S.K.: 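After the structure tokens below, expect a handful of questions from me.
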Amino acid sequence: MAERTSTKKKKARKTQASLNSSRVKSPKSPLLAKNAINGAPPNSGARSAPTGKHFLSDKVGHFTESVIREMTRQAMLYGAVNLAQGFPDFPAPAEIKQAAQRAVAADVNQYAITWGAKDLRNAIARQMGVWQGITVDPEKEITVCCGSTEAMISTLLAVCNTGDEVVIFEPFYENYGPDSVLSGAKPKFVKLRPPKEDGGEWTFDEKELRHAFDKHTKAIILNTPNNPTGKVFTRRELELIRDLCVEFDVLAITDEIYEHILYDGTEHISMVSLEGMRERTVTINGMSKTYSVTGWRVGWAVAPERITNAIRKVHDFLTVGAPAPLQDAGAMALSLPAEYYANLAKGYRVRRDHLMPALAAAGFQCFRPRGAYYVMTNISAFGYEDDVAFAKYLVQEIGVACVPGSSFYRDPRDGAKQVRFAFCKKPETLDEAARRLAKLRVAPAR
Ligand SMILES: Cc1ncc(COP(=O)(O)O)c(C=O)c1O
């Protein structure tokens, strides 16, 4: 027993050290030093090895491991309610699970076609027609990947050359910066500013966005509905981005993984549906969030034929293919009736409206999301030095895991007063989180 306790303590120290190392010693964003982002040689300790090869790629010196995924490990270590990583703790729809079981029982055990099982590609093309009004050729314009995560990196590897620039809104979903670096491109960040008043929208400065575009710009990554802000880009904003893409001959790579999770009557508009964008958009999506199966690893990229050919080549040599039986289940999932999607959005609205009052009562200022399943909050009321110190206190002492805001920004100072909570959880999980959060005390006014 004593040995088990001491192993647990050692493990706790080790995990704590890893959070510290990614959050404190090095800059706090998953992207490392700014000079690394700017393409200067990385500051790798391995370079000072006295003799021989240092074995590591320079690229990996440019970013740290995911803070989001690290917070899940912290939650497990401290027995905290995990409102950090965005995965549901409730079951996936029974009919989808049964479709997967049937596929395994029918011996769908071998590699699917590299760019995706035909039935799934047909279903994706059909639904792009229904949801976006876009005609897609399933034989030539779709690549099924291991999650939208692989679809994004395969796309960037397929389109970027060293020295190309990729425009990214910040706060950003953690993967985009490292994805750009791995593909040899330099990320250029444009700020989304939090709403000034309750219930307001995150906005960007048009001049700042234009300034980010130049002759080196290869692509813009656009995530709508957005993680972590919950922003859903409006038609006007999309048209503005479209005009810049056309003017500067830039590709739009859109991450639309939360397309069906929308609130307050907000409409999701796909960039590819805008006039002039069909030939310069890669639309990325997947099963993870829409069907509550983040562990299945099925996603896809829809792009014009020439770009698809390049994405397929990269994808083939990265992973060969996504899990075959789960692609069969994917084809079935995409055939669910419209009612399924309406209920999905309704269920998440109920969860959002469950967590937000509890956060507000505990002292957080919440930025009301219009889509996706996260709420960004301001933590100024608690008087902590920064978001990392606060997140550590929350996971260790209060028993709730969140994601420190700085992990969504290039400059950690921009997120030092923010943390993100995920509400893709059962009511009892949210109740337990609320019970624990009620122990928080705001700092006395100075
Ligand atoms: C914006 C965004 N894109 C992509 C992903 C990962 O998607 P997948 O599971 O399809 O790889 C996530 C997961 O949280 C996400 O928030």
Side-chain angles (χ1 to χ4, degrees), residues 30 65-72 75 82-89 92 96 116 120 124 142-156 166 168-180 182 187 192 202 220-233 252-262 268 270-271 282-302 311 315 318-319 321-323 326-327 329-330 333-334 348 369-376 401-403 405 407-409 420-425:
E65 280 177 27
S66 156
V67 175
I68 298 178
R69 268 87 77 187
E70 170 58 19
M71 287 311 297
T72 285
N82 187 358
L83 302 189
Q85 199 174 353
F87 59 82
D89 68 348
I96 300 176
L120 177 56
I124 295 165
I142 297 176
T143 313
V144 176
C145 294
C146 296
S148 69
T149 298
E150 196 232 324
M152 180 60 77
I153 184 84
S154 290
T155 301
L156 287 166
V166 175
I168 300 171
F169 286 103
E170 69 172 341
F172 44 75
Y173 173 57
E174 266 188 334
N175 287 30
Y176 304 148
D179 282 352
S180 310
L182 286 171
L192 290 175
W202 290 73
I220 178 167
I221 297 178
L222 184 74
N223 172 216
T224 183
N226 184 262
N227 172 12
T229 62
K231 176 180 175 63
V232 179
F233 283 72
I253 306 174
T254 68
D255 178 341
E256 304 185 22
I257 189 136
Y258 298 103
E259 94 170 282
H260 296 289
I261 304 177
L262 296 163
H268 168 70
S270 250
M271 184 58 107
V282 180
T283 307
I284 291 176
N285 213 322
M287 293 184 68
S288 285
K289 313 291 176 171
T290 306
Y291 305 107
S292 307
V293 288
T294 60
W296 283 20
R297 315 309 303 131
V298 179
W300 49 84
V302 179
I311 296 171
H315 158 71
L318 276 183
T319 64
L326 304 183
Q327 291 192 51
L334 279 144
Y348 278 119
R370 303 283 181 222
Y373 50 47
Y374 307 96
V375 55
M376 264 299 238
C402 63
V403 179
S407 62
F408 302 106
Y409 292 88
R420 186 201 79 177
F421 293 90
F423 53 81
C424 43
K425 306 293 169 187

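Note that ligands are numbered from 1 as they come in the structure, with each ligand's atoms numbered from 1 the same way. This structure is a prediction, so every number in the text was calculated from the model and none was measured.
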S.K.: Between the side chain of Q327 and the main-chain N/O of A322, is any donor-acceptor distance below 3.5 Å?
M.R.: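 At least one qualifying donor-acceptor pair exists.
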S.K.: Sequence neighbours excluded, which residues qualify as side-chain contact (heavy atoms from CB on, under 4.5 Å) partners of A422?
M.R.: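 Listed in chain order: Y374, C424.
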S.K.: Does L222 reach the side chain of F169, with side-chain heavy atoms less than 4.5 Å apart?
M.R.: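 A side-chain contact exists here, since the closest heavy-atom pair is under 4.5 Å.
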S.K.: Could you work out, with salt bridge (charged side-chain N to carboxylate O under 4.0 Å, His left out) as the rule, every residue matching K231, not counting sequence neighbours?
M.R.: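 Checked K231 against salt bridge (charged side-chain N to carboxylate O under 4.0 Å, His left out); matches are E237.
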S.K.: Kindly indicate whether the side chain of K425, heavy atoms from C-beta on, has any atom under 4.5 Å from the side chain of F87.
M.R.: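 A side-chain contact exists here, since the closest heavy-atom pair is under 4.5 Å.
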S.K.: Name each N or O atom in ligand 1 that is under 3.5 Å from a protein N or O, and give the partner atom and the distance.
M.R.:
unit_1   : atom_1 : unit_2 : atom_2 : d
ligand 1 : 3 (N)  : D255   : OD2    : 2.6
ligand 1 : 7 (O)  : S148   : OG     : 3.0
ligand 1 : 9 (O)  : S288   : OG     : 2.6
ligand 1 : 9 (O)  : R297   : NH1    : 2.7
ligand 1 : 10 (O) : S148   : N      : 2.7
ligand 1 : 10 (O) : S148   : OG     : 2.9
ligand 1 : 10 (O) : S288   : OG     : 3.4
ligand 1 : 11 (O) : S148   : N      : 3.3
ligand 1 : 11 (O) : T149   : N      : 3.0
ligand 1 : 11 (O) : T149   : OG1    : 2.5
ligand 1 : 11 (O) : R297   : NH2    : 2.7
ligand 1 : 14 (O) : Y258   : OH     : 3.4
ligand 1 : 14 (O) : K289   : NZ     : 2.7
ligand 1 : 16 (O) : N227   : ND2    : 2.7
ligand 1 : 16 (O) : Y258   : OH     : 2.6

S.K.: Could I get the full list of salt bridge (charged side-chain N to carboxylate O under 4.0 Å, His left out) partners for R370, not counting sequence neighbours?
M.R.: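 Expected list: E201, D264.
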